[in-house]
Structures are given as structure tokens and as C-alpha cells.
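Supplied in C-alpha cells, the structure appears directly below.
Heavy atoms only: backbone and side chains are in, while hydrogens, waters and symmetry mates are out. Quick note on labels: first sequence line is chain A, next is B, and so on, each numbered from 1.
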Amino acid sequence: MRALNHESVVSAPLTEVFQHIAERLAAASQGALTAEEVSLSQAPEHTGADLAFPCFPLARAWRKNPAQIAQEMAALIETDDVLGNVEAAGPYLNLSLARNATAGRVLDQVSASDGAYGGSDRQADQVVMMEYVSPNTNKPLHLGHVRNAVLGRCVANLVESQGARVHRTDIINDRGIHIAKSMIAYQRFADGETPESTGEKGDHFVGRYYVEFDKALYAERQAWLAEQGIDPSSLKDREKKKVEEDFLAASPLMADTRELLQKWEADDPEVRELWQKMNRWVYQGFDATYERLGIHFDRHYYESDIYRGGRELILDALERDVFDKADNGAVVAPLSKHGKLNDKVVLRADGTGLYITQDINLADIKFREFGLTKSYYCVGSEQNYYFQQLKATLKLLGFDWADGMEHLSYGMVYLPDGKMKSREGKVVDADDLMAEVVGLAENAILERSSDLPADDLARRAEAIGLSALVFEMLMVGRETDIQFDPEKSVAFEGKTGPYLQYVYARISSILRKAGEWTAPEQPAVDEDETWAIARSLLFYPTVVADAAESLDPSRLTSFLIEQTQAFNVFYRERRVLDAPEPQRSSRLALLEAFRQILDHGLRLLAIEPLDEM
RNA sequence: GCGCCCGUAGCUCAGCUGGAUAGAGCGACGGCCUCCGGAGCCGUAGGUCAGGGGUUCGAAUCCCUUCGGGCGCACCA
């Protein structure tokens with residue numbers, strides 16, 4: 001957990017608890033510190049304390065060594081029903097909260113919050129857009145898209161939990177040379193077949209033609225290289241790039257593809273019809289994948305609708321001399337003149353649009369349409385540089401709102417033999433993967449209970465399998481690359497989604513069996529294992545706020561794992577249903593509240609809590 | 001060549017903006033159900049935090065440098 005200070009702490013009762021302690025410490029510091037300056041860290045496990053105040057920063061003002069300061073401060077601070085104990089330990093002041101009183105305050109707050117405990121209104125003044133997934137319409141979704149979708153959704157949920165108004169959108173890249181490739185391949189090789197005739201899912205059907213195109217291009221490249229007498233293995237990287245450019249310029253297949261794209265831009269009816277037909281197939285496939293993953297959008301944008309507006313914006317800027325014209329006629333944003341980024345071509349020499357052409361327009365449309373204060377782009381880290389260029393280009397155009405754009409960058413997904421490459425068919429397909437993990441979950445359930453009705457089995461397998469997949473994507477830091485081994489697939493044991501679901505189910509089971517009970521006036525939570533649960537409740541909202549502000553769900557996933565681990569220790573050491581009063585009702589009340597934050601946290605991650613599994 | 005990122009246990013990763021004895025999951029080995037759900041729990045083994053220098057009371061964390069890897073660098077998306 002992050003250091004606590006007056007800014008990072010969120011939600012009662014932690015805000016009051018912190019304020020109280022900060023004032024005590026400030027007073028004891030004898031003017032060296034104000035309450036606002038107090039920063040507390042988590043006390044290490046072995047100390048048995050909850051929070052720690054390092055005395056090093058006071059050494060200068062006090063002209064004493066930190067250990068001595070700790071001693072003297074400890075003597076100055078009186079304990080009460082918030083701060084239960086203060087102890088000097090070397091240069092640290094270890095602070096223990098008053099357990100029963102604190103637990104009472106937390107439980108009151110959780111029940112008063114009516115299911116909303118964990119949220120806050122810190123970002124209530126924000127109107128944000130989360131643009132995520134944003135696939136190309138020429139191939140099915142793969143594991144990389146799954147990471148994108150799961151991350152974008154979770155960050156949107158997190159920000160929303162802090163009171164922001166959130167618009168979830170998808171920009172569909174339905175225009176460009178990649179689409180033309182699938183279309184060319186379809187024209188040449190399809191012989192009239194359709195997803196209906198082959199029984200394939202639409203996106204997989206179209207994706208197959210994209211791969212076909214690449215095969216044909218590969219054959220052409222081999223022939224050309226042989227003809228030119230070039231041995232590609234003898235080339236250095238830079239030379240390779242040049243040779244590839246030369247080849248693409250010479251390739252008849254590419255010439256046809258470019259011609260098709262120009263016809264498309266010229267609204268050729270035949271080309272447009274094929275384009276619409278193929279896109280429809282793809283969308284049907286995408287919808288099925290999104291549905292199963294539980295991804296929803298408030299709004300779709302289509303690149304084909306907005307790239308023309310982008311061209312107008314660019315030509316206008318060219319007239320105002322904001323942009324330059326290259327020798328061959330391409331329009332260039334002169335970023336190097338204004339900063340350290342390289343210049344960026346924003347319109348091709350032949351006048352056709354690039355990806356950035358529509359991105360410029362879309363950004364403008366989004367900010368105007370929704371009055372955004374923030375616009376998040378959930379896009380892989382390989383586009384970090386592009387994104388800087390986009391932002392700088394918009395600033396050049398005079399769009400001050402570009403400051404509100406933020407690249408929600410995330411690490412790449414690697415397979416054991418390297419990066420996924422969809423052109424080579426070297427991908428983990430999203431639909432296959434979901435089917436795989438759900439199947440594994442089904443086996444795991446059957447091992448435990450074989451007499452489940454078929455529809456219950458299917459529902460649980462879906463929830464458990466997807467939770468494992470989703471959690472795996474969110475457990476690692478956002479910027480960390482993921483090494484994905486399809487052989488090992490995803491796990492159900494250890495730090496996993498099902499581990500969290502299992503704790504939820506265990507608690508639910510206890511609460512089901514508890515019958516009628518009433519919450520105690522003052523809970524009894526003196527034992528370490530029981531207090532650990534109360535403490536989870538106390539810190540939870542601050543962790544959620546931190547995850548939302550850092551746009552990193554792994555802050556939340558690792559907290560939930562730590563706290564459920566603590567629950568499992570409690571579960572082994574302490575009994576609930578046959579405990580004497582007041583322990584029984586105290587523990588029941590804690591478990592009920594703990595289940596509530598677990599439910600809250602799982603929903604932020606978009607994992608379904610299960611009463612039974 | 002230039003820019004950005006990374007290198008922590010056999011493997012996969014945490015380590016939260018410099019703090020106490022560097023942690024977890026998996027794998028290995030050994031234990032724990034007459035007891036609220038064993039998808040669980042406990043224990044053992046395993047680390048020169050890539051190497052070197054520096055700043056600091058204090059460095060896995062900051063700076064420099066070497067080595068190793070990834071990504072990117074105007075008409076792909």
C-alpha cells in the first residue's frame with residue numbers, strides 16, 4: 001500500500017483516523033511538522049503494528065538522532081480510542097490503531113454506505129472518455145485485444161467509482177490498406193463463399209482472407225528477391241527496411257491493393273458494397289466475442305465516417321502554414337521545429353488519409369461532443385511515440401484540450417516464441433482462449449461436484465474461466481509485458497481470479513449458515529487474524545482511489561489478493577459459527593462487510609462473484 | 001545511429017514516487033480435513049536485486065557507465 005498522507009487518504013473513517021494521528025504527531029514534533037506534512041507508511045508484518053512514522057526527516061530540526069526522537073515522541077503521545085498504542089522501534093514510531101473502536105467505526109461506515117463503500121467523489125468534476133479495444137476489421141480479436149479490453153474496462157470502472165462521468169467508446173478502424181488487403185484476397189480466392197456457406201464466425205472468415213493475402217504477398221516477395229538476386233538474410237535491419245519498401249513499390253499485388261483503396265475513397269459502388277458486406281461479417285463476429293467477455297460500449301466511432309473531416313482540418317492548417325508540404329506533395333506536421341519529436345506525415349502524397357488523419361478529427365469531435373475533461377486512449381506501449389506525436393500535432397493545431405488526452409499505455413503480450421503476429425497467424429485467438437479456459441473451469445468443477453445441473457455447471461464454468469483470464473491480465477502492472485504460455489493456459493490456484501471467488505463463496509457459505517444474528521454494539525476484534533479483516537475494510541477505499549488515479553488495476557488486484565490471503569489465515573485460525581459471543585456476531589459482521597468490499601472490488605475488475613462454486 | 005522502456009528466487013511477477021530482516025504465486029520437497037467449502041492452509045530449500053562507479057544517515061528504488069533484452073523512429077494501423 002502507498003504511503004498515507006492527507007492527500008492520499010480517502011473516505012471515512014480512514015480520513016478521520018489519519019487526521020487524528022497526524023495532529024498528534026504534529027503536536028509531538030514540536031513545530032517541526034504540520035499535520036499536512038505527516039506521511040505514514042505501512043508497518044512491517046513482524047512489528048505487529050499497523051502504521052509507521054519514520055523519524056529521519058525530523059533529525060535536522062531536532063538536531064538529534066532519529067532513534068532518540070522516536071523515543072521522545074512516543075513519550076509525548078497519549079493513546080486513546082483511535083490510536084491504541086505508540087512504540088518507538090529504533091528510528092521508527094510504530095502505531096497501532098485501537099482495534100475494537102476502529103472496527104466499530106468501519107462497520108458503521110460500511111453499512112451506512114449502502115453498498116457504495118469503496119467509491120468516492122474525488123473525480124466528480126471529471127467527464128472522461130475511455131477509448132479502448134479499437135480493432136481493425138480484417139481479423140478476429142486475439143489475446144492482445146483481450147488485454148486491452150479488460151484493462152480499458154477496468155480503468156473505466158475505477159474512474160467511474162471515483163465519481164467521474166465515463167463514456168466508453170470504440171473506434172473501429174474500418175478503412176485503410178489492411179481492409180483493402182482482405183478484400184483483394186476475397187475477390188481472388190473466395191469463389192463466392194460466405195460465413196454462412198462455410199459455417200465460420202464472420203471475423204474468422206474474413207481473417208482467413210487476410211492471411212491468404214499475406215501468403216500471396218510472401219510468394220511474390222520471394223520471387224522478386226530471387227529475381228533481384230537479393231539474399232535477405234545478409235541484410236542489416238536498415239537495409240531490410242529499404243528493400244522491403246522497394247519490394248512493396250514494385251509488387252503488382254500491392255499496386256492492385258492501393259488501387260482498390262483509391263476506388264474505395266472515390267466511392268466506387270462495387271468496392272463499397274464488398275467492403276460493407278465484409279465489415280458486416282466482421283462486426284457480427286466481434287459482437288459475439290465482446291458479449292462473451294462482457295465488454296460494452298456507449299458509442300462506436302467508424303474511421304470511415306471521420307477521415308474526410310480530418311483531411312479538411314489538415315488542408316486548412318496547411319493554408320494557415322501550420323503544416324508544411326513535402327517535396328512530393330505529402331502534408332507534414334513540423335514537430336521537430338517545435339520540440340524534439342520527429343516530423344509526422346499527416347496526409348499522403350496521393351491525398352489519401354493515414355491513421356493520424358482521422359485520429360486528429362476524432363479527438364476534436366470527442367472533446368466537442370461530450371465536453372470532456374479527460375480522454376483516455378487504451379493503446380499498447382508500442383505506440384508511445386506515435387501518441388506523443390498525435391498530441392503534439394493537436395497542440396500545433398491550437399487545440400488546448402489536447403492536454404486532457406492521456407495514453408493509457410500497457411505492456412505487450414508475448415508468446416513463448418515471441419510477439420504475436422496476426423499476419424502470420426501466430427496468435428492466441430480470443431474466442432479459442434475463452435473456450436479453452438471455460439472448458440478447463442468446467443473440468444475443475446466436475447472434479448469437485450459431479451451432480452450439478454447442466455445449466456448451473458455452464459454458468460459457473462463461464463464465470464470461473466473468465467475470471468481466471470481477466471485476473472491474469474490485470475494482476476501484473478499495467479506497463480509490464482505479459483509472457484503468455486498457451487500450453488500452461490491460465491491457472492485456477494494461487495494468485496488468481498478463482499482464488500478471490502473461492503473466498504467469496506466461503507464467506508457466503510458461512511453467512512448462509514449463520515441464521516439470524518444482530519451486529520454487536522462494539523465488535524470484539526482483538527486477535528490479529530480478526531483485526532486483519534477490519535483493517536482491510538479500513539484501507540480499501542484508499543486503495544481503489546489510488547488504483548483509479550494511477551490508472552493501474554494491479555494496485556487493486558494485489559490488494560485483494562493480500563487481503564483474501566489474510567482472510568484464509570483467519571479462516572484457519574478462528575471459527576465463526578461456533579464462537580462464543582461477542583466474537584461470533586463480531587466476526588459475522590466483519591465477514592459480511594468483507595464480502596461487500598470483495599463484491600465491490602470484483603465488480604470493478606468485472607469478475608462475477610459466486611455464492612457457490 | 002537516435003529515443004523510450006526493461007534486467008529482482010528454477011519460472012512468472014510484486015516491491016506504490018529513497019527507509020526496518022527484499023516478498024508472493026507456480027514448480028520442488030515435507031506436513032494439515034471426527035471441525036464453518038482442501039480452488040484452501042502451514043513449513044523447508046532457493047536471491048551478489050545483470051556488472052561497475054557515484055549521491056545519501058540509508059539505494060532493488062535516484063545519477064553515471066558497461067553488458068544483455070524489448071519497443072519505436074514522416075506517407076503501416
| field | Sugar-phosphate only, base, or nothing, as touched by A:Ile464 at under 4.0 Å among non-hydrogen atoms | value |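 Since a base atom lies under 4.0 Å of A:Ile464, the category is base.
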
| query | With respect to the side chain of A:Tyr385, which nucleotide from B:C41, B:A20, B:G72 is positioned closest? | reply |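 Between B:C41, B:A20, B:G72, the one nearest the side chain of A:Tyr385 would be B:G72.
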
| message | Using a 4.0 Å heavy-atom cut-off, does A:Asn94 contact any base of the nucleic acid, only the sugar-phosphate backbone, or nothing at all? | response |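 Base contact.
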
| request: Using a 4.0 Å heavy-atom cut-off across all strands, classify A:Tyr499 as base, sugar-phosphate, or nothing. | output: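 The residue A:Tyr499 makes sugar-phosphate contact but no base contact.
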
| The side chain of A:Ala89 lies closest to which of these nucleotides: B:A77, B:C42, B:A20? |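 Of B:A77, B:C42, B:A20, B:A20 is nearest to the side chain of A:Ala89.
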
| Ignoring hydrogens and angles, does a donor from either the side chain of A:Asn568 or the base of B:A39 sit under 3.5 Å from an acceptor on the other? |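 Checked by distance alone, the answer is no.
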
| task | Whole angstrom is fine here: how far is it from CD in A:Glu493 over to P in B:A28? | result | 11 Å

| said: Hydrogens and angles aside, do A:Asp174 and A:Thr137 bring a side-chain donor and acceptor to less than 3.5 Å of each other? | reply: no

| Quick one: which of B:A77, B:G37, B:C36 gets closest to the side chain of A:Arg506? |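 The answer is B:G37.
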
| said: Any side-chain N or O of A:Arg448 below 4.0 angstrom from OP1/OP2 of B:A39? | reply: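 Yes, A:Arg448 has a side-chain N/O under 4.0 Å of OP1/OP2 on B:A39.
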
| said: What is the separation between atom CD on A:Gln383 and atom P on B:C76, rounded to the nearest whole Å? | reply: 15 Å

| query | Are any of A:Thr480's side-chain N or O atoms less than 4.0 Å away from OP1 or OP2 of B:C13? | reply |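 No, because none of the side-chain N or O atoms of A:Thr480 sits under 4.0 Å from OP1 or OP2 of B:C13.
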
| task | Indicate whether any N or O donor in one side chain lies under 3.5 Å from an N or O acceptor in the other, for A:Glu581 and A:Ser585. | result |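 A pair is found: one side chain offers a donor N or O, the other an acceptor, under 3.5 Å apart.
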
| said: Over all strands shown, is A:Ala505 touching base, sugar-phosphate only, or nothing at heavy-atom distances under 4.0 angstrom? | reply: base

| Shortest side-chain distance from A:Lys495, nucleotide among B:G37, B:G25, B:A77 | B:G25

| message | Students often get this wrong, so: under 4.0 angstrom with heavy atoms, is A:Gly477 touching a base, only sugar-phosphate, or nothing? | response | sugar-phosphate

